[in-house]
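What you are looking at is a predicted structure, and each value in this text was computed from that prediction instead of being measured. Values below: all heavy atoms of this structure, side chains included; hydrogens, waters and symmetry mates excluded. Just so you know, ligand 1 is whichever comes first in the structure, and atom 1 is the first atom listed for that ligand.
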Amino acid sequence: MSNPQDPALDIVIFGGAGDLSWRKLLPALYMAHSHGRLPAACRIIGIGRQAWSREDYARFIDESSPPHVDASALNPSTWQAFLAHLDYVQLDATQAADYERLQATCTPGSVKVFYLATAPSLFTQICAHLDSAGLIDPQARVVLEKPLGHDLPSAQVINEAVARHFKEHQIYRIDHYLGKETVQNLMVLRFGNAIFEPLWRAPYIQSVQITVAETVGVGSRAGFYDQTGAMRDMVQNHLLQLLCIVAMEPPISLDPDDVRDEKLKVLRSLQRMTLADIRQNTVRGQYIAGAVQGESAPAYLTEDNVPADSGTETFVALRTQINNARWAGVPFFLRTGKRMQARRSQIVIDFAQPPFSIFADQQQIQHPNRLVITLQPEESIQLQMMAKQPGSGMNMRPVHLNLDLESALAGRRAEAYERLLVDVTKGRLTHFMRRDELEAAWKWADPILEGWQQMGDKPRPYTAGTWGPAASSALMAREGCSWFEES
Ligand code: BG6
């Protein structure tokens with residue numbers, strides 16, 4: 001419940017009328033408000049270039065955001081009370097003088113959170129102007145949306161510029177995957193239980209696969225997406241963050257820097273790819289027309305605002321490995337794509353075969369022990385084990401221990417953005433990326449992106465509604481592995 005003693009809070013959203021704001025941020029803030037997780041003296045100040053009044057902005061949010069709020073949580077009077085917290089400042093982010101209007105609107109003495117949901121090219125100017133207008137005090141925080149740069153040098157430029165005005169502990173680099181319930185639960189699974197950790201390493205693990213598959217296409221974001229591609233949009237951030245949590249050493253505490261130090265070590269231990277590795281261990285794909293879950297889907301090249309000869313990838317599969325004592329030799333397979341057969345984010349840990357089988361005349365089961373952690377659409381953990389088939393012979397077959405987390409642990413599950421926004425207001429940095437982590441992720445991704453360009457690599461076509469190009473299965477098969485849904 002909100003505490004009347006809490007200091008006033010101003011959440012200032014640059015890009016307040018943008019897609020991210022009305023689809024994700026305002027619905028998340030509404031949920032936080034309706035569960036008493038925002039202080040009573042909280043204002044949400046949308047920033048935009050439209051000549052709008054406070055009422056116009058509230059009307060805009062009232063018209064656009066409700067479909068993005070869980071219908072069972074949308075209470076008309078709570079929603080109206082939430083809208084009363086909104087304010088609006090018309091501001092051109094490049095005009096220093098406009099920031100005076102913002103200064104005049106902010107509550108004196110409030111904790112200020114500046115959420116930069118704009119093109120990253122504006123981050124530098126926004127921070128400089130906020131500073132000149134006297135809006136940055138030691139309590140202020142800035143939230144930076146991804147993508148932070150398109151390669152290491154551009155990320156460094158942004159980080160440098162922001163660091164001139166905010167200290168590192170005031171900077172919240174958001175990766176919304178770190179706010180997902182099951183991603184946070186993965187830390188508990190690994191470090192709150194004794195049974196997995198001794199086996200969580202080579203040689204007991206044969207391979208790890210991480211899939212983030214989407215059924216959606218690029219929709220209205222083609223202009224942005226075509227400049228970005230799946231590697232920068234998903235792999236460099238969301239998939240690497242998942243990999244870090246799977247692979248990191250136990251942190252000495254949950255303090256932000258203790259957790260982030262361990263993730264950084266993983267990123268730094270990721271094998272750098274040479275051109276030969278890129279050729280052998282990466283697959284880029286682009287969807288062609290097909291059908292996703294019964295609905296016909298156009299080819300990427302015919303989507304609005306996509307150039308007809310675009311070479312942007314909408315799918316990536318790759319094999320990497322972590323060169324440290326725990327993981328030496330264990331392949332990590334990462335895969336993400338748009339317009340795939342099903343929406344599914346999953347981490348699959350394949351444990352090694354028993355070292356010796358006394359069941360000599362049994363056919364070898366490919367994955368006797370497999371842990372499948374599903375992040376979405378449902379949250380579940382499944383452990384595959386071998387059991388004896390009833391009857392007189394010693395016949396084995398795989399069985400599953402299924403844990404449906406949603407029914408096992410009742411209770412409201414906050415959406416990632418709600419959880420992370422509340423963390424920002426409370427000054428909790430654990431689930432945000434530190435500068436060195438972000439830069440280490442680019443250091444790994446850049447050679448791959450450059451390699452593709454150098455080799456003139458063209459994405460392989462895959463039919464919308466499938467699991468991607470055949471080469472992605474071949475990548476696994478070479479090492480006796482297979483993607484979860486294919487085995
Ligand atoms: C975003 C990407 O970061 O994550 C989008 O820019 C993608 O392209 C989205 O669709 C996926 O998030 P979620 O939470 O729906 O899995």
Side-chain angles (χ1 to χ4, degrees), residues 15 18-25 27-28 31 67-70 115-120 143-150 155 172-186 210-243 245 284-287 292-293 297 300 303-306 310 312-316 334-347 373-380 413-421 431-433 438 441-442 445 459 464 468:
D19 187 75
L20 182 76
S21 295
W22 56 264
R23 258 187 335 111
K24 295 279 186 194
L25 304 182
M31 292 303 288
H68 301 276
V69 176
D70 174 6
Y115 199 116
L116 309 195
T118 63
V143 187
L144 306 178
E145 254 302 330
K146 69 169 259 288
L148 267 186
H150 55 271
Y172 292 72
R173 294 180 191 82
I174 205 160
D175 180 317
H176 77 280
Y177 268 61
L178 294 179
K180 291 189 188 271
E181 181 67 43
T182 324
V183 177
Q184 299 189 355
N185 203 0
L186 189 54
I210 301 177
T211 291
V212 177
E214 300 183 272
T215 49
V216 292
V218 288
S220 57
R221 294 164 75 231
F224 155 79
Y225 192 87
D226 197 62
Q227 300 295 313
T228 310
M231 183 72 177
R232 292 187 175 94
D233 188 44
M234 300 293 288
V235 181
Q236 186 269 349
N237 33 73
H238 303 326
L239 276 91
L240 284 191
Q241 286 294 319
L242 295 180
L243 177 144
I245 298 179
R284 292 169 85 223
Q286 190 185 70
Y287 59 82
V292 182
Q293 296 176 333
Y300 176 70
E303 300 262 21
D304 285 348
N305 295 323
V306 172
S310 170
T312 299
E313 78 282 355
T314 59
F315 174 95
V316 174
L334 310 184
R335 174 178 62 160
T336 185
K338 299 235 180 252
R339 290 277 191 234
M340 296 187 68
Q341 191 165 321
R343 175 170 185 252
R344 189 181 295 165
S345 299
Q346 234 161 18
I347 297 168
I373 302 161
T374 305
L375 316 180
Q376 48 193 34
E378 73 279 347
E379 288 171 31
S380 65
R413 283 157 159 75
E415 281 287 328
Y417 270 104
E418 177 190 344
R419 198 184 299 253
L420 293 174
L421 280 162
H431 301 300
F432 296 84
M433 280 194 285
L438 175 88
W442 279 123

When you check ligand 1 against the protein, what N or O pairs turn up below 3.5 Å? List the atom names and distances, or just say none.
| from | atom 1 | to | atom 2 | distance (Å) |
| --- | --- | --- | --- | --- |
| ligand 1 | 3 (O) | K146 | NZ | 2.7 |
| ligand 1 | 3 (O) | H238 | NE2 | 2.7 |
| ligand 1 | 4 (O) | H238 | NE2 | 3.4 |
| ligand 1 | 6 (O) | K146 | NZ | 3.1 |
| ligand 1 | 6 (O) | R221 | NH2 | 2.8 |
| ligand 1 | 6 (O) | D233 | OD1 | 2.6 |
| ligand 1 | 6 (O) | D233 | OD2 | 3.3 |
| ligand 1 | 8 (O) | R221 | NH1 | 3.0 |
| ligand 1 | 8 (O) | D233 | OD2 | 2.6 |
| ligand 1 | 8 (O) | K338 | NZ | 2.8 |
| ligand 1 | 10 (O) | E214 | OE1 | 3.4 |
| ligand 1 | 10 (O) | E214 | OE2 | 2.5 |
| ligand 1 | 10 (O) | K338 | NZ | 3.1 |
| ligand 1 | 12 (O) | H176 | NE2 | 3.1 |
| ligand 1 | 14 (O) | H176 | NE2 | 2.8 |
| ligand 1 | 14 (O) | K180 | NZ | 2.6 |
| ligand 1 | 16 (O) | Y177 | OH | 2.4 |
| ligand 1 | 16 (O) | Q376 | NE2 | 2.7 |

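Scored by the side chain to side chain contact (heavy atoms under 4.5 Å, CB included) test, E181 finds E379, R413, R419 as partners (sequence neighbours excluded).
Taking CG of L438 as the reference point, atom CD of Q236 lies at 6.0 Å (rounded to 0.5 Å). Atom CG of residue L178 and atom CG of residue L242 lie 7.5 Å apart, to the nearest 0.5 angstrom.
Judged by distance alone, with hydrogens and angles left aside, the side-chain atoms of N305 form no donor-acceptor pair with the main-chain N or O of R221 at under 3.5 Å.
A parallel orientation is assigned to the rings of H176 and Y417, their planes being inclined by less than 30° (bins at 30° and 60°). Between Y300 and Y287, the angle of the ring planes goes over 60°, which puts this pair in the perpendicular group of the 30/60° scheme.
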